[in-house]
Structure formats: structure tokens, C-alpha cells
**Student:** 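Supplied in C-alpha cells, the structure appears directly below.
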Amino acid sequence: MTRRQLGFVFGVLAALSAVWLSVRDRGSSSGEFLDLGSQIELSVSEIRITPPDAPVIQLQLAAEGWTVNGYPATDSLVEDLLAQLDTLPEARLVAQNPGTHERMGVSAKLATRVELGPATDPDAVLLLGGSGPEGRFIRLPDQPEVFVVPESAIQDLDRAEFRWRDPTIVAIDTAALARIVIRRGSSRPVAVSRDETRAWLVNGTAADTMVMRLLLESVADLRTTGFPADSFVFAVDFDQPSAILELYLEPELPNAPPISLLFASIPNRSDVLVRRADNPIVYAIDSRRANLLTSGRSRLIGKD
């Protein structure tokens, strides 16, 4: 047998050995499981999700509710995540060889790191890797074993930052709404108020019922269509808004400030930026909705 033939034989044997070791690892681990849910407390008040190629997402419980990177978060989303993690199905062991970490995406460099609890001493730390036929690969730091859990059980951990944020701009109990004032640039303000029969009047003239219904539905639950980038936010001056919507709730108290929405348009954008006067967070809404909320007198007056 020539030297080349010997080298070929040894190469084949080495490859078969590697395959056998991989199969042996899988076979010996098929009956071993990890109860991740038991390591996670529902009472945690801080969660940090650090993707390998994106900024950290930090969820924190404040007095007013959950926040994400300092912005108000949708509380129900975070609570659902904690409940999901607390009831995680047992993760099945699929590999024990550290050489598989890169391929499965659970190495420190490639994995998404999830920390639950205080930053200085988290209660639990998980490394989320890639996906396989059975679900998502997961590993505990400083341990070689790789486990798999159903993808649906942890998919919320991949949610982008803006999807954690609370999209609510304003939510008004319209039954308690007594008066609306719309200011547009230098034009004369338009006041819409209820009379003794609870009908809406525009400076004493009956308001268009359809327009008022749409306007009230909007302020009852006004949500953003997206969160504008800082470059757009810095490009507008809310000290000189293009329009202001003032909402007065009853009973009106002397000198009680209204809930005010400030509007600003940006050239070449189809949406409009808006924020509350008492809150610096800037939102985007579609221009059609913005035009409704800042309707002029001619649109608000009834056509009957």
C-alpha cells in the first residue's frame, strides 16, 4: 500500500471516528433534560436581552409599570414573557461537546444573552443559539451542554426594542370629554363643546356627527404607527407646532390644564410627528389621522 493510500485510509477513519463521537454524544444525551422554568422567578424586575449584533434591550419594572430602554413598555407583553419563561417545557440535551457551540450558535460570540434579575447578580442567565428541527438551541454559560426547547416557547425573546414599547399616545374616556380646542398655526382656534343635551357644537353651531364620531374614536385610543428616528425628532420644533389639539375633561376645574397633543410635519414624509405637551416622547401617526384630529371649522360643522 502506497503512502498516499495509507493517508487516504487514515483520513476516512478519522472522519468516521468524528461521526461516531457525534452520534455517541447525541445518544447518551437523549434521555437528559434541563428544567429551565424552575430557575426563573416570576418576581424579577429586570431583564436584559443582548443580541450578538444589536443593542441591548433592557426591561425594567418601575413604579408606573415596565420600561424598555427607558421608554414605557407594554406591561402585558413583559408579563406574558415572564409567564412563558416560568412554564418553559423541559429542555432536552442534544450535545455535550464544546466543539458544537459555534455550529449551534450558542457560543458567547454568536448567542443572544438573556439575563433575568439584577445586573450585578442575575437570578438566571441563558444563551440562545440557532434553531434546529426540534426547536431553539440553548445553553447555560460556562457549561458545555447544549439543550433544545420548542421555538414557540421563547420566540418573544427575539422581539425588537420598538415592539416592546407602549404604542399608546393618548387614551381618553370620551364620555368625560367636555370640550375640544383645535389650534392651527395663526388661524383662529376652533372650539367644540357639548351643550346641555350632550350634543357637540362648533362655536355654537351643530357639529358634523360623523366627523365627531371619528374624532372621538381616535382620541379614545390613539396609537402610534411607529417610533421616529432621532434624526427626524431633532428636525422639528415642538415649541412651534403646526397644530395643537387640546382635550378638556369634565368637570373642568379652574386653571386645570388640558391634555394637549402637539403636531409637527416633516417635508417628504407621509406621516406626522406628534407628542403630548406633558411628555417628551415623540410618536408618528398617519397624515390622514392627523388631519382628522386637527380639522378646521368647515370640516367640523354639520352639513344638515
Side-chain angles (χ1 to χ4, degrees), residues 18-61 66 68-69 73-165:
V19 171
W20 180 82
L21 287 172
S22 175
V23 172
R24 184 193 67 179
D25 274 350
R26 293 180 184 176
S28 64
S29 65
S30 61
E32 298 182 41
F33 298 86
L34 175 65
D35 187 0
L36 291 169
S38 65
Q39 302 185 30
I40 298 168
E41 298 290 340
L42 276 173
S43 59
V44 299
S45 58
E46 191 170 345
I47 306 169
R48 285 170 307 287
I49 305 170
T50 308
D53 54 358
V56 63
I57 296 173
Q58 184 158 324
L59 300 164
Q60 290 182 300
L61 183 60
W66 284 93
V68 54
N69 292 356
T74 303
D75 290 343
S76 60
L77 292 180
V78 185
E79 290 160 3
D80 287 348
L81 171 65
L82 289 173
Q84 231 178 28
L85 293 175
D86 182 60
T87 57
L88 273 177
E90 288 188 325
R92 188 175 71 83
L93 183 63
V94 292
Q96 302 181 66
N97 186 348
T100 64
H101 291 179
E102 292 285 324
R103 175 169 57 84
M104 292 180 163
V106 291
S107 65
K109 180 178 67 175
L110 297 177
T112 294
R113 184 181 180 90
V114 180
E115 301 170 89
L116 297 101
T120 54
D121 185 24
D123 301 320
V125 181
L126 311 173
L127 298 177
L128 303 184
S131 299
E134 297 180 65
R136 188 79 172 268
F137 299 124
I138 193 167
R139 183 172 71 88
L140 300 180
D142 304 322
Q143 294 189 21
E145 293 84 2
V146 181
F147 301 84
V148 65
V149 293
E151 188 87 36
S152 59
I154 55 174
Q155 62 185 1
D156 286 351
L157 291 169
D158 290 323
R159 183 179 281 121
E161 184 216 61
F162 75 93
R163 296 194 181 280
W164 289 106
R165 290 181 60 176

**Student:** Hey, what do you get for CZ (R113) to CG (L128), rounding to the nearest 0.5 Å?
**Tutor:**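 It comes to 11.5 Å.
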**Student:** Under 4.0 Å between a Lys/Arg side-chain N and an Asp/Glu carboxylate O for E134 and R92?
**Tutor:**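 Answer for the salt bridge query: yes.
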**Student:** Taking atom CG of L116 and atom CD1 of I47, what is their separation to the nearest 0.5 Å?
**Tutor:**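 So the CG of L116 and the CD1 of I47 are separated by 5.0 Å.
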**Student:** So do the side chains of P141 and L127 get within less than 4.5 Å of each other, counting heavy atoms only?
**Tutor:**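 The answer is yes; the side chains approach within 4.5 Å.
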**Student:** Can you see which heavy atom on F147 is nearest to which on L34, and at what distance?
**Tutor:**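 Closest pair (atom of F147, atom of L34, distance): CE2-CB, 3.5 Å.
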**Student:** With a 6.0 Å cut-off (strictly less than), is the heavy-atom count around CZ of R163, excluding the residue itself, greater than 12?
**Tutor:**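 It does not: R163 CZ has 12 such atoms or fewer within range.
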**Student:** If you compare all heavy atoms of A91 against all heavy atoms of V149, which two are closest, and at what distance to 0.1 Å?
**Tutor:**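 Result for this residue pair: CB-CG1, 3.2 Å.
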**Student:** Taking all non-hydrogen atoms of both residues, which atom of P52 and which atom of A111 are closest, and how far apart?
**Tutor:**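 That would be CD-O, 3.8 Å.
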**Student:** Using side-chain heavy atoms (C-beta onward) and a distance below 4.5 Å, is V44 in contact with L61?
**Tutor:**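 When only atoms from C-beta onward are counted, L61 and V44 do not touch, as no gap falls below 4.5 Å.
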**Student:** For the pair S107 (side chain) and E102 (backbone), establish whether a donor and an acceptor sit closer than 3.5 Å, ignoring hydrogens and angles.
**Tutor:**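 No.
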**Student:** Is there side-chain contact between W164 and L77, with at least one heavy-atom pair below 4.5 Å?
**Tutor:**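 Of all side-chain heavy-atom pairs linking L77 with W164, at least one is under 4.5 Å.
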**Student:** Could you tell me the separation between the CH2 atom of W66 and the CG atom of L81, rounded to the nearest 0.5 Å?
**Tutor:**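 Output value for this atom pair is 8.5 Å.
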**Student:** Using side-chain heavy atoms (C-beta onward) and a distance below 4.5 Å, is L140 in contact with L126?
**Tutor:**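 The answer is yes; the side chains approach within 4.5 Å.
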**Student:** If you look at every heavy atom in L93 and V146, which pair is closest and at what distance?
**Tutor:**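 Smallest heavy-atom distance, with atoms named: CD1-O, 3.3 Å.
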**Student:** Taking all atoms of both residues into account, what is the closest heavy-atom pair of Q96 and P98, and its distance?
**Tutor:**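 Looking at all heavy atoms of both residues, the closest pair is O-CD, 3.4 Å.
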**Student:** Are the side chains of Q58 and V68 in touch, meaning some heavy atoms are under 4.5 Å apart?
**Tutor:**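 In short, these two side chains do not touch, never coming nearer than 4.5 Å.
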**Student:** Distance check, rounded to the nearest 0.5 Å: S45 atom OG versus L59 atom CG?
**Tutor:**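 Atom-to-atom, S45:OG and L59:CG are 11.0 Å apart.
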**Student:** Can you tell me how far CG of L110 sits from NE2 of H101, rounded to the nearest 0.5 angstrom?
**Tutor:**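 Taking NE2 in H101 and CG in L110, the distance rounds to 11.5 Å.
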**Student:** Rounded at 0.5 Å granularity, tell me how far CD1 in I154 sits from OG1 in T112.
**Tutor:**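 OG1 of T112 is found 9.5 Å from CD1 of I154.
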**Student:** Only counting residues at least two apart or in another chain, list the ones meeting side chain to side chain donor-acceptor pair (under 3.5 Å) with N69.
**Tutor:**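 Scan of N69 (side chain to side chain donor-acceptor pair (under 3.5 Å), adjacent residues dropped) gives E161.
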**Student:** List the atom of A153, the atom of L88, and the distance in Å for their closest heavy-atom pair.
**Tutor:**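 It is CB-CD2, 3.5 Å.
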**Student:** Could you name each residue pair satisfying salt bridge (Lys or Arg N to Asp or Glu O under 4.0 Å) that touches residues 139-152, not counting sequence neighbours?
**Tutor:**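 Of all non-adjacent pairs touching residues 139-152, those that pass salt bridge (Lys or Arg N to Asp or Glu O under 4.0 Å) are R136-E151.
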**Student:** Backbone N or O of G117 within a donor-acceptor pair of the R48 side chain at under 3.5 Å?
**Tutor:**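 Such a contact is found between R48 side chain and G117 backbone.
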